[in-house]
Amino acid sequence: MHYTYDGSFDGLLTALRQIWQRRVEALSIRPTDGAQAGLFAETIYVVTDEITARAVWANLLRWLPEKARERLYYVFLAEQPDSELLIYRYIQKTLAQKGADISEQWADDTVRRVYDLSRWLGREKHRMEAFVRFEQTTTGLYHATIDPEVNVLPLIAGHFTRRYADQQWLIYDKRRHYGLRYDGRRTLLVRPVTGRKPRKNDQNDLLPDVLAADLAEREPTFQHLWQTYYRSVTIAARRSPERHRRHLPKRYWKYLTEKTPTDLLPPRVANGANEKLPTPGSKLRGRRERPKT
Amino acid sequence: MDADRIQEKLAILADSAKYDVSCSSSGGKRKNANGGLGNSEGNGICHSFTEDGRCVSLLKILLTNYCIFDCQYCVTRRSNDIRRVAFTVAEVVELTMSFYRRNYIEGLFLSSGIFKDADTTMERLVRVARELRTTHKFNGYIHLKTIPGASKELIAEAGRWADRLSVNIELPSEMSLQALAPEKNYHDIEVPMELIRDQARAAKEEAKVLRSAPRFAPAGQSTQLIVGASPETDQQVLTLSDHLYRDFGLKRVYYSGYVPIRAEGPLADVVAPPVLREHRLYQSDWLMRYYGFDAQEITTAAAPNLPLDIDPKLAWGLRNRDLFPVDVNAADYELLLRVPGVGVKSAQRIVAARRTVRLTLDHLKKLGVVLRRARFFLVADGPVPFADRLLGELDSVALKRRLLMLDTGARRAVKQGQLSLFA
């Protein structure tokens with residue numbers, strides 16, 4: 001039997017419930033847009049049901065330790081072609097062993113792939129926590145845009161909420177077109193309203209990219225200071241491009257203020273004589289448009 | 001804030017602070033409970049990496065590079081003709097807060113040249129930390145350098161605001177310290193170390209009774225010593241580290257390969273930092289802290305320096321062939337840890353995995369064991385490749401040669417000439 005669902009985690013949990021109820025092995029579980037519809041004789045489209053999903057999620061703890069359940073969620077966020085089947089198989093294996101904790105059966109391929117994927121997600125989570133760079137806008141909002149390979153926003157929400165509790169911030173995933181916004185009390189998931197032009201100084205608008213004109217007066221100063229700092233701490237006698245790239249893979253450089261060529265940073269206004277910043281035709285800032293290196 | 005002035009000061013004072021290698025921001029236990037800014041729970045984050053591949057986690061700066069001391073290995077030594085500048089307390093506070101808010105850093109590592117006397121300097125450092133913690137409700141990581149000779153009261157207050165305190169031991173023997181830094185001595189360095197140790201212990205005792213008792217530098221204390229600027233052997237260095245870990249309860253000892261900073265004077269003949277030696281020392285340090293090795297096992301009287309071409313654990317394994325091969329399906333965890341090519345993680349996995357299956361070489365590979373080295377030191381279920389069986393019979397010298405052929409890392413190092421330079 002083949003299954004398709006709407007691509008949400010709740011959808012997957014609903015699908016799992018249906019599979020177990022039918023007692024027929026699932027051959028594939030894919031989001032609707034990813035499945036090759038029509039190829040399979042029997043494809044069942046699962047309609048997401050939040051209440052079922054919540055029950056399945058809670059019930060999983062009867063069989064799995066919390067840690068293993070979390071790992072399965074990571075596997076889902078990894079957005080791999082086999083993510084859903086891995087989750088399904090992992091649970092099946094656990095059930096087959098009457099609920100034994102299989103997470104340390106390293107000789108098993110499913111167990112190891114689940115572990116490896118969740119580790120990968122953990123690493124991306126950690127890297128995003130490290131490499132996000134906020135820019136302060138005229139409204140006081142600290143803004144960052146990311147373009148991650150996996151869906152990390154749900155994983156980093158807690159960290160940023162705990163850490164930046166006294167400032168408003170927004171992290172926008174431009175690949176998946178949604179963001180996290182902290183308003184001083186709570187962190188909410190936000191999506192851009194389509195068909196409406198964002199207005200300047202509108203706190204509720206999502207700005208996928210910040211224009212130079214939207215930056216707070218002293219923002220360029222701090223970006224240049226940070227770059228100065230970054231350059232000053234390198235020990236020339238120990239320079240090692242290989243080690244540098246191993247720790248800081250090039251694909252992350254686009255986020256990093258310190259790796260942006262100085263002339264692409266927003267121009268620094270000398271000595272506090274802060275006129276309105278020049279707005280080069282209200283274009284996106286150069287940094288965002290820089291061709292990938 | 002005069003941006004251009006700050007730029008200049010930052011460039012100078014970050015440049016002078018970069019020789020302090022610690023960038024750790026882990027071990028803090030500060031929650032953001034007061035609705036302020038930041039936290040430092042558990043593992044630190046490396047927010048960036050320098051072009052020499054070192055982690056950038058903290059804003060690491062000197063408060064000032066004015067210094068009354070004349071240590072030969074130091075850029076800010078009194079006799080060095082460089083531009084001298086100083087940050088104000090407010091400037092350091094603002095830089096820290098602004099960088100932290102942009103997610104550039106985990107916190108502040110503040111050190112300083114000694115600009116009048118120990119207490120004046122220390123008081124200024126403490127003031128920065130106090131302002132951050134109280135006025136600005138900053139809960140990020142703070143590492144303060146402790147100035148030898150500072151009063152007990154100041155050190156006590158430093159430990160109240162900071163997550164970590166450190167006093168640098170500077171050189172691996174008192175004799176070298178006397179030669180290169182005549183104004184310093186081991187006694188003056190060990191006094192604050194003891195103070196920190198005792199206050200931390202007292203605070204811990206207090207916390208047992210009274211949960212709200214103030215903590216003292218919860219991420220512990222660390223130190224740093226320079227290698228390659230003085231003639232000590234690795235055995236001496238490791239013995240000293242062992243002493244520091246045992247007797248002062250240090251969290252970390254950092255080894256800083258001396259970076260040549262001058263073309264004249266007593267250190268003029270050092271041409272490049274001993275990067276590989278430093279790496280081997282860190283590996284040995286890990287063996288002492290995580291692998292249950294004793295300082296005396298890692299080097300021998302006959303060979304008091306660590307080999308540069310192979311890692312210290314492999315060297316130990318080659319010296320102790322009689323303990324091998326180890327049966328991965330039966331050996332104790334402690335013994336597994338000693339197998340070259342088996343790390344803490346793989347050893348733990350072996351112990352866990354063998355509860356359900358008998359492990360083969362194939363399993364071990366998937367668990368993350370570095371079979372390239374490990375297969376000569378262990379046995380598992382299943383067939384043993386014929387070539388390995390022959391190689392297993394080799395004596396240590398031949399086996400080492402064989403392993404070196406396989407070891408790309410060391411081979412590359414030989415090619416680059418690092419080995420011959422620092423051997």
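Everything numeric here is computed off the predicted structure, so don't read it as measured data.
Annotation: the span from I45(B) atom CD1 to H126(A) atom NE2 amounts to 5.5 Å, rounded to 0.5 Å. To the nearest 0.5 Å, the span separating OG1 on T228(A) from CG on D15(B) amounts to 12.0 Å. Note that CZ of R231(A) and CG of L10(B) are 12.5 Å apart. Values are rounded to the nearest 0.5 Å. Here the OH-CD distance, from Y230(A) to E51(B), works out to 5.5 Å after rounding to the nearest 0.5 Å. Here the CD-OG1 distance, from Q7(B) to T221(A), works out to 8.0 Å after rounding to the nearest 0.5 Å. Taking NE2 of H47(B) as the reference point, atom CG of L256(A) lies at 11.0 Å (rounded to 0.5 Å).
For G35(B) against D166(A), the heavy-atom pair with the smallest separation is O-CB, 3.5 Å. Nearest heavy atom pair, residue T50(B) against residue H244(A), reads O-ND1, 2.8 Å. The two residues A11(B) and S232(A) make their nearest non-hydrogen contact at CA-OG, 3.4 Å. Considering all non-hydrogen atoms of both residues, P273(B) and R238(A) come closest at CG-CG, 3.7 Å.
Residue K31(B): no heavy atom, backbone or side chain, is found under 4.5 Å from chain A. Residue Y252(A) does not touch chain B at all, counting heavy-atom pairs closer than 4.5 Å. Both the backbone and the side chain of Y229(A) come within contact range of chain B, judged by heavy atoms closer than 4.5 Å. Contacts of E129(A) with chain B are made by both backbone and side-chain atoms, with heavy-atom separations under 4.5 Å. Interface remark: R112(A) contributes side-chain atoms only to the contact with chain B (heavy atom separation under 4.5 Å). Looking at D109(A), the atoms closer than 4.5 Å to chain B (heavy atoms on both sides) all sit in the side chain, from C-beta outward. Neither the backbone nor the side chain of I12(B) comes within contact range of chain A, judged by heavy atoms closer than 4.5 Å. Contacts between L359(B) and chain A at a heavy-atom distance below 4.5 Å are absent for every atom of the residue. Using a 4.5 Å cut-off between heavy atoms, T356(B) touches chain A through its side chain atoms alone. R354(B) does not touch chain A: none of its heavy atoms, backbone or side chain, sits under 4.5 Å away. With a threshold of 4.5 angstrom between heavy atoms, E278(B) approaches chain A through side-chain atoms but not through N, CA, C or O.
Listed by chain and residue number, L64(A), P65(A), Y90(A) satisfy the side chain to side chain contact (heavy atoms under 4.5 Å, CB included) test with A68(A) (two or more places apart in sequence, or in another chain). For the salt bridge (Lys or Arg N to Asp or Glu O under 4.0 Å) test, residues two or more places apart in sequence or in another chain that qualify with R358(B) are D381(B). Residues passing the side chain to side chain contact (heavy atoms under 4.5 Å, CB included) test with K93(A), sequence neighbours excluded: I102(A), D108(A), T110(A).
Proximity of E104(A) to Q348(B): side-chain heavy atoms (C-beta onward) are nowhere separated by under 4.5 Å.
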Exercise for the section: Tell me, with the steps shown, if E258(A) and V56(B) meet side chain to side chain contact (heavy atoms under 4.5 Å, CB included). Expected result: CA-CA 11 Å; E258(A) 62 271 30; V56(B) 180; over 6 Å; no
Exercise for the section: Could you walk me through whether R101(B) and W169(A) pass the side chain to side chain contact (heavy atoms under 4.5 Å, CB included) test, one step at a time? Expected result: CA-CA 10 Å; R101(B) 287 195 182 286; W169(A) 52 263; over 6 Å; no
Exercise for the section: In sequence, state the C-alpha distance, the side-chain angles, and the governing distance for Y19(B) and I235(A), and then conclude on side chain to side chain contact (heavy atoms under 4.5 Å, CB included). Expected result: CA-CA 8 Å; Y19(B) 300 100; I235(A) 297 179; 4.2 Å; yes
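Your options are F131(A), Y142(A), Y164(A), and the one with the most heavy-atom pairs under 4.5 Å with chain B is Y164(A). The choice from Q167(A), R246(A), R127(A) that makes the most heavy-atom pairs within less than 4.5 Å of chain B is Q167(A). Note on Q136(A), Q105(A), E219(A): by heavy-atom pairs under 4.5 Å with chain B, the leading option is E219(A). Heavy-atom pairs under 4.5 Å with chain A peak, among A14(B), C55(B), G257(B), G140(B), at A14(B). The choice from A33(B), S48(B), S57(B) that makes the most heavy-atom pairs within less than 4.5 Å of chain A is S48(B).
Between Y104(B) and W226(A), the ring planes lie parallel to each other; the angle is under 30°, not in the 30° to 60° tilted range.
Here the side chain of R133(A) pairs a donor or acceptor atom with the backbone of N103(B) at under 3.5 angstrom. R102(B) places no side-chain N or O within donor-acceptor distance of the main-chain N or O of Q223(A), the cut-off being under 3.5 Å.
D101(A) CG: more than 12 foreign heavy atoms inside a 6.0 Å radius.
Contacts from residues 362-370 of chain B to chain A, taken as heavy-atom pairs separated by less than 4.5 Å, involve H363(B), K366(B), L367(B) in sequence order.
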